[in-house]
Asker: 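Below you will find the structure I want to go over with you.
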Amino acid sequence: MSKFDSSSVVIPSSLLDRFLRYVKIDTGSDPDSSSFPSTQKQKDLSKLLVEELKSLGVSNAYMDDYGYVYASIEPSTTKSVPPIGFIAHVDTSPDMNGTGVNPQVHKNYDGSDIKLSDDYTLTVKSCPELKTAIGQTVITSDGSTLLGADDKSGVAEIMTLVEILQSNPQIEHGPIKIAFTVDEEVGNGVKYFDIEKFGAKFAYTVDGGGKIGSIEDETFSADSMHIVFNGKNVHPGYSKGTMINSMKVASTFISSLPKRLSPEHTEKKQGFIHPINMKSGVDSTEIDLILRSFKDQDLGKYASLVKRLAQRACSKFPGSSYTATVSTSYRNMKQILDKYPKVINYALDAVKMSGYTSCLESIRGGTDGCQLSYRGLPTANMFAGSNLFHSRFEWATLEVMEAACKVLLNLAIRWTQD
Ligand SMILES: [Zn+2]
């Protein structure tokens, strides 16, 4: 087979149609639900994707009971190439209304503020990145909902990749595995994800931001802590010398947490200790905290510090006591990805092959790729196109989505050039 020139591939105009079709389907997930997926409506998009995959000739596409979509494209090469996976999530954030999304397409954007509605305007001042979109096709909501480019841009890009591969059999690629997940926005994106059924050896989530060429290979490592302060409740009219109010112990503890280790005072590679929830009474007060750092060893130090401060608070209230439990949430995926350098190196190559400049970035949070990486499927995160996600001001551009399609295509090709 002659070497295929991927630069000759034109990204089909179906990309925009697809994206607009998907964002109109309400797929908001719900953190308060006890079912899985957290909302049944997410399956509306999953079902549509199965139908569309089938009409693109991917007859093995199916949705399982959880709402996950799995599909697989046969290799077009006789070379031995590991199966590569592409993953995006169908749900949108519960932080903003996702019902009745009415996408607005602003062609040939002129660089000025974008009026979404009488009440809301997306201003260049609040989002200077808009300047990078001058001349492009900018897509927003009408201000009453989020747009849902997080992660329907990723979904549309993967579907368009499938269309390109299916209609260009001359493109050399190995086995390609496709998955669409549910409930990512409520932290359960891969809870029931079946890595074995998926069948990929390495994977990419297509769920990054709107910067062309950005690849995320690093996340926080994360633990959570639960602390219980025990006081002593006595009738307040007759409590002199006997009552110990656990809320006062707890507030002494909270106010002793160092400012320099709080989310409000940290950025970039700095970690933090963050109380997120408190349930209080005189007798006992429970506090949940999250610990975050890019370095695992910091988490142990943070936990010891929290215990020391809890002990110190108790010492100011004789008779009070505390218990603390630490649990692991997730670990920095870089520790896994570093063992499989091709995953990142080929992604960097694919950006270059597409004619763009790449950059490696770290996320001050976790991704589904973290959990997948630690469960045996090394997974990095690729830019997808959403800006100001989880808000009514969310926007994306068609050009960045097209760039993402090109990069995904070149990534599939790059794995055959081992
Ligand atoms: Zn996302």
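Ligands are counted one by one from 1 in listed order, and the atoms in each one are counted from 1 as well. Computation of the quantities below employed the complete heavy-atom set of this structure, encompassing side-chain atoms and omitting hydrogens, waters and symmetry-equivalent molecules.
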Asker: Could you tell me whether D91 and K152 have a side-chain N and a carboxylate O separated by less than 4.0 Å?
Answerer: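 Between K152 and D91 there is no salt bridge, as every charged N stays at least 4.0 Å from the carboxylate O atoms.
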Asker: Could you confirm whether E184 has any N/O/S atom lying under 2.8 Å from the Zn ion (ligand 1)?
Answerer: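 Here the distance criterion (N, O or S atom, under 2.8 Å) is not met by E184, so no.
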Asker: Heavy-atom count around K248 NZ within 6.0 Å, excluding the residue itself: above 12?
Answerer: no
Asker: Do any of the N/O/S atoms of E185, backbone or side chain, fall under 2.8 Å from the Zn ion (ligand 1)?
Answerer: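 Looking at E185, which is the residue asked about, there is no N, O or S atom under 2.8 Å from the Zn ion (ligand 1).
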Asker: Taking all atoms of both residues into account, what is the closest heavy-atom pair of N60 and S72, and its distance?
Answerer: ND2-O, 2.9 Å
Asker: Suppose we only allow N, O or S atoms; which atom of D150 ends up nearest to the Zn ion (ligand 1)?
Answerer: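 This residue's closest N, O or S atom turns out to be OD1.
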Asker: Within 45 degrees of the ring normal and closer than 6.0 Å to the centroid, is that where the cationic atom of K177 sits relative to F198?
Answerer: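 Here K177 fails the 6.0 Å and 45° test against F198.
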Asker: Of all N, O or S atoms in D207, identify the one at the shortest distance from the Zn ion (ligand 1).
Answerer: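 Within D207, restricted to N, O or S, the Zn ion (ligand 1) is closest to atom OD1.
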